[in-house]
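Since this is a predicted model, take the numbers as computed values, not measurements.
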Amino acid sequence: MTAAIRLAQGRSTDELGVMAAFFTVLGDQLGLIAVCRDLGSEEGACGDVKSS
């Protein structure tokens, strides 16, 4: 069984929508952090995201 199926079990349609939105935002933010890290030392390129 996939993780999505397990997470969906016992949840309402509204709850699934909220979870979908949450994971979409999380994925987008992780992608932005990765890009900012690749930009390296460009001053102010990504605010206060650290490249550690």
Side-chain angles (χ1 to χ4, degrees):
M1 213 180 260
T2 68
I5 292 171
R6 288 182 185 222
L7 285 170
Q9 287 179 335
R11 307 272 197 260
S12 70
T13 303
D14 288 342
E15 290 173 319
L16 292 177
V18 170
M19 288 173 57
F22 169 79
F23 286 111
T24 298
V25 170
L26 178 63
D28 289 348
Q29 289 179 347
L30 289 172
L32 286 171
I33 290 169
V35 168
C36 286
R37 286 183 176 180
D38 283 345
L39 290 176
S41 63
E42 291 184 29
E43 186 73 26
C46 293
D48 61 356
V49 174
K50 305 296 182 210
S51 60
S52 56

Exercise. What closest approach, in Å, do Arg11 and Glu15 show between heavy atoms, and which atom pair accounts for it?
Worked result: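 Closest heavy-atom pair between Arg11 and Glu15: CA-OE1, 3.2 Å.
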For this session: May I ask whether Leu26 and Leu16 are part of the same hydrophobic cluster, defined by side-chain heavy atoms of I, L, V, M, F, W, Y residues being less than 4.5 angstrom apart, directly or through others?
Result: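 No: no chain of side-chain contacts under 4.5 Å links Leu26 to Leu16.
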Exercise. Do Val18 and Ile5 belong together in a cluster built from hydrophobic side chains that touch within less than 4.5 Å?
Worked result: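 No, it is not one cluster - the side chains of Val18 and Ile5 are not joined through contacts under 4.5 Å.
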